[in-house]
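In what follows, every chain begins at residue 1, and chains take the letters A, B, ... in the order their sequences are listed.
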Number of protein chains: 2
Amino acid sequence: MITPADKKVLKRFGENLRKLRKEKGLSLREMSYACSIDNSKIAKIEKGMINITFTTLLQLALALEAQPASLLDYELE
Amino acid sequence: MITPADKKVLKRFGENLRKLRKEKGLSLREMSYACSIDNSKIAKIEKGMINITFTTLLQLALALEAQPASLLDYELE
DNA sequence: TTATTTGCGGCCCTATTAGACCTCAATCTT
DNA sequence: AAGATTGAGGTCTAATAGGGCCGCAAATAA
């Protein structure tokens, strides 16, 4: 379904992901290499265009060398 | 793809989800009502049979009245 | 014992994620 | 200026998540 509300949440998540990637000093292609996710897909995730699955979340965390839960920490704000 | 490794992670997540649901004293059907996810599907998630999406994770958190990140806390163990 | 609740698996169909690859404009680099 | 890097959108296919419903055996309640 992907409601407008979902779209907003995904966008928020994507922004945070992008922030974390930048902090790590990784380019999309470098991160892509680190977690085996196509760089164009990561770009889409950061743009909130994809409703990622659980395993994808874990892969992203892996590339960022972070706890999966930490990718969701922005919610606490 | 859903590798055996993924299967294990999903199973672990499901177990934790089940634990949280029990702590809340909710039956599958009650939780289903609380987050608009079919009870049989929640059962499958708890069994690690589904690689849930980000929005589904948020829905589950909603039903448990918990922070989405808290559903991943078991990883810290 | 008879009802009711509960967990859970099977189906079905549609929407969409995953995965891989290509292209291109805008930025750096050199 | 020429070349490489980077972000990001497009496309195609296969796999699967979502959504909804049915049914049943076991546990629980009446």
Legend entry - B/Ile50 side, atom CD1; B/Lys44 side, atom NZ - distance, nearest 0.5 Å: 6.0 Å
Inset, instruction - Could you grab the distance from atom NZ of A/Lys22 to atom CG of A/Leu20, nearest 0.5 Å is fine? - result: 12.5 Å
Legend entry - Least distance between heavy atoms, A/Met31 atom then A/Arg21 atom: SD-CD, 3.4 Å
Legend entry - Euclidean distance, atom CD1 of residue B/Ile52 to atom P of C/dA18 [Å, nearest integer]: 12 Å
Legend entry - Salt-bridge contact B/Lys24-B/Glu30 (side-chain N to carboxylate O under 4.0 Å): no
Inset, instruction - Determine: side-chain N/O of B/Lys22 to OP1/OP2 of C/dG7, distance under 4.0 Å, yes or no. - result: yes
Inset, instruction - Using side chain to side chain donor-acceptor pair (under 3.5 Å) as the criterion, list what pairs up with A/Glu23, not counting sequence neighbours. - result: none
Inset, instruction - Give the rounded distance in Å between these two atoms: CD1 of A/Ile45 and P of C/dA18. - result: 6 Å
Inset, instruction - Would you kindly give the CD-to-C1' distance between B/Glu30 and C/dT5, to the nearest whole Å? - result: 10 Å
With 3.5 Å as the limit, what N/O pairs link the protein to nucleotides 8-11 of chain C?
| residue | atom | partner | partner atom | Å |
| --- | --- | --- | --- | --- |
| C/dC8 | OP2 | B/Arg18 | NH1 | 2.8 |
| C/dC8 | N4 | B/Asn39 | ND2 | 2.9 |
| C/dG10 | O6 | B/Ser40 | OG | 3.3 |
| C/dG10 | O6 | B/Lys44 | NZ | 3.2 |
| C/dC11 | N4 | B/Lys44 | NZ | 3.3 |

Legend entry - Spacing of A/Leu17 atom CG relative to D/dA8 atom P, expressed in whole Å: 12 Å
Legend entry - Value in whole Å for how far the C1' atom of D/dG18 lies from CZ of B/Phe54: 17 Å
Inset, instruction - Look at all strands and tell whether A/Thr56 reaches a base, only sugar-phosphate, or nothing, counting heavy atoms closer than 4.0 Å. - result: sugar-phosphate
Inset, instruction - In whole angstrom, give the distance that lies between atom CD1 of B/Ile50 and atom P of C/dA15. - result: 18 Å
Inset, instruction - Compute whether any side-chain donor of one residue and acceptor of the other, for B/Thr55 and A/Asp6, lie under 3.5 angstrom apart. - result: no
Inset, instruction - Calculate the interatomic distance between B/Leu10 atom CG and D/dT16 atom P; express it in whole Å. - result: 12 Å
Legend entry - Phosphate OP1/OP2 of D/dA17: any A/Thr53 side-chain N/O under 4.0 Å: no
Inset, instruction - Nearest whole angstrom, please: distance from the C1' of C/dT5 to the CE of B/Met31. - result: 18 Å
Inset, instruction - Taking the side chain as every heavy atom from C-beta outward, state whether A/Leu72 and B/Leu57 have any pair of such atoms under 4.5 Å apart. - result: yes
